[in-house]
Amino acid sequence: MKIKIAPSILSADFSKLALELEKVKKAGADLVHVDVMDGHFVPNITIGPVVVKYMRRSSDLTLDVHLMIENPQKYIDAFVDSGSDMITVHIETVSLRQLREIKKILNKRRVKLGISLNPETPLAKIKPVLKLVDFVLVMSVHPGFGGQAFIPAAVNKIRQLRAIFNKDIAVDGGINNLTAKLVKAAGANLLVAGSYIFGAKNVKQAIDSLR
Ligand code: DX5
Ligand code: ZN
């Protein structure tokens, strides 16, 4: 599978988002990861649909929107209208019924659906929904902040998931040149990285090293 790299905008300079998007696009990013946090599901607050709308206007990069929020179904329309290309919700925040409803909306609007699971959530939790989703986002840190250390247990989770799932497996949290090797070997093909990419002197070199 082709390895895709998604810089997480959470680690960018928000006073010049358009330039940051341009920078990672030029450096070879395949898509851009947008972390949405509500201060309830995670202990941090970031951005909402308004900012996604302006990111959409200033870049043609694929927008991969990671919803770390409670009641995601309430905000799906707003994030689709803002121009999201991919939307990930957490298994910890939706029922099977809600996820089916979300899928219906996203299918109609041609937006891809991802399911994510926290480090402490067992793989078994998402097994019943694997047929519904276009990709899985495995969290390799406790969501909420950029710059945390990679949790090694994610590697086994990815390996077990790869044995039963042949679509995109994304991994998010603590990805750098070393941890990238581990998760790729286990079967992940979409690597999200924030601090490693935006903190690098040479962004292209950082992205190439992940690939
Ligand atoms: C964590 C976010 C991640 C974060 C990754 O809650 O979901 O996308 O931005 O940042 P790094 O790569 O610095 O761990
Ligand atoms: Zn994320």
Side-chain angles (χ1 to χ4, degrees), residues 3-14 17 20-21 23-24 27 29-49 51-52 55 61-70 72 75 79 84-93 112-121 126 133-155 157-158 168-184 188-201 203 205-211:
I3 303 294
K4 291 180 271 195
I5 307 297
S8 166
I9 207 69
L10 187 60
S11 293
D13 180 342
F14 275 65
L17 268 186
E20 296 282 66
L21 289 168
K23 181 167 88 180
V24 292
D30 297 281
L31 29 92
V32 60
H33 184 86
V34 185
D35 286 309
V36 175
M37 306 185 186
D38 66 351
H40 291 277
F41 179 62
V42 290
N44 193 8
I45 300 176
T46 56
I47 61 166
V51 176
V52 175
M55 289 176 69
L61 274 166
T62 297
L63 297 179
D64 161 34
V65 175
H66 180 190
L67 297 183
M68 287 162 278
I69 64 177
E70 281 172 11
Y75 301 95
F79 281 103
S84 309
D85 299 293
M86 302 157 64
I87 293 181
T88 299
V89 299
H90 270 259
I91 191 71
E92 299 87 1
T93 65
K112 285 193 173 161
L113 170 63
I115 193 78
S116 184
L117 73 170
N118 281 341
E120 66 276 13
T121 302
I126 63 163
V133 301
D134 298 299
F135 63 99
V136 174
L137 176 67
V138 175
M139 290 308 301
S140 42
V141 297
H142 297 287
F145 301 92
Q148 303 181 74
F150 181 80
I151 298 171
V155 176
K157 218 183 220 176
I158 292 166
D168 287 343
I169 299 180
V171 56
D172 185 8
I175 296 298
N176 55 39
N177 56 329
L178 304 174
T179 54
K181 283 201 185 86
L182 304 175
V183 299
K184 284 188 292 182
N189 67 301
L190 203 172
L191 275 49
V192 176
S195 49
Y196 181 70
I197 291 177
F198 284 101
K201 275 204 194 101
V203 170
Q205 233 167 54
I207 288 178
D208 287 346
S209 74
L210 296 178
R211 220 189 285 283

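Keep in mind the model is a prediction, meaning the values are calculated, not measured. One-based numbering, in listed order, for ligands and for the atoms of each.
- Between V133 and G114 the shortest heavy-atom distance is CG1-C, 4.5 Å.
- Within a 6.0 Å sphere centred on NZ of K112, heavy atoms belonging to other residues, nucleotides or ligands number 12 at most.
- The side-chain heavy atoms of I151 and H142, taken from C-beta on, include a pair separated by under 4.5 Å.
- When the Zn ion (ligand 2) is compared with the N/O/S atoms of H66, atom ND1 turns out nearest.
- The two atoms that bring H33 and D35 nearest to each other are NE2-OD1, 2.9 Å, heavy atoms only.
- Ion pairing between a basic and an acidic side chain is recognised when a charged N comes within 4.0 Å of a carboxylate O; D168 and K4 show such pairing.
- Side-chain atoms of S209 and Y196 include a donor-acceptor pair closer than 3.5 Å.
- D35 has its closest N, O or S atom to the Zn ion (ligand 2) at the position named OD1.
- The backbone N or O of L137 sits nowhere less than 3.5 Å from a side-chain atom of D172 that would complete a donor-acceptor pair.
- Distances from the Zn ion (ligand 2) to the N/O/S atoms of D172 are shortest for OD2.
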Once you restrict both partners to nitrogen or oxygen, which atoms of ligand 1 have a protein partner under 3.5 Å, and how far apart are they?
{"residue": "ligand 1", "atom": "6 (O)", "partner": "G144", "partner atom": "N", "Å": "2.7"}
{"residue": "ligand 1", "atom": "7 (O)", "partner": "D35", "partner atom": "OD1", "Å": "3.0"}
{"residue": "ligand 1", "atom": "7 (O)", "partner": "H66", "partner atom": "ND1", "Å": "3.4"}
{"residue": "ligand 1", "atom": "7 (O)", "partner": "D172", "partner atom": "OD2", "Å": "2.9"}
{"residue": "ligand 1", "atom": "8 (O)", "partner": "H33", "partner atom": "NE2", "Å": "3.4"}
{"residue": "ligand 1", "atom": "8 (O)", "partner": "D35", "partner atom": "OD1", "Å": "3.1"}
{"residue": "ligand 1", "atom": "8 (O)", "partner": "D35", "partner atom": "OD2", "Å": "2.7"}
{"residue": "ligand 1", "atom": "8 (O)", "partner": "D172", "partner atom": "OD1", "Å": "2.6"}
{"residue": "ligand 1", "atom": "8 (O)", "partner": "D172", "partner atom": "OD2", "Å": "3.0"}
{"residue": "ligand 1", "atom": "9 (O)", "partner": "S8", "partner atom": "OG", "Å": "2.8"}
{"residue": "ligand 1", "atom": "9 (O)", "partner": "D35", "partner atom": "OD2", "Å": "2.9"}
{"residue": "ligand 1", "atom": "12 (O)", "partner": "G194", "partner atom": "N", "Å": "2.7"}
{"residue": "ligand 1", "atom": "13 (O)", "partner": "G147", "partner atom": "N", "Å": "2.8"}
{"residue": "ligand 1", "atom": "13 (O)", "partner": "S195", "partner atom": "N", "Å": "3.0"}
{"residue": "ligand 1", "atom": "13 (O)", "partner": "S195", "partner atom": "OG", "Å": "2.5"}
{"residue": "ligand 1", "atom": "14 (O)", "partner": "G174", "partner atom": "N", "Å": "2.8"}

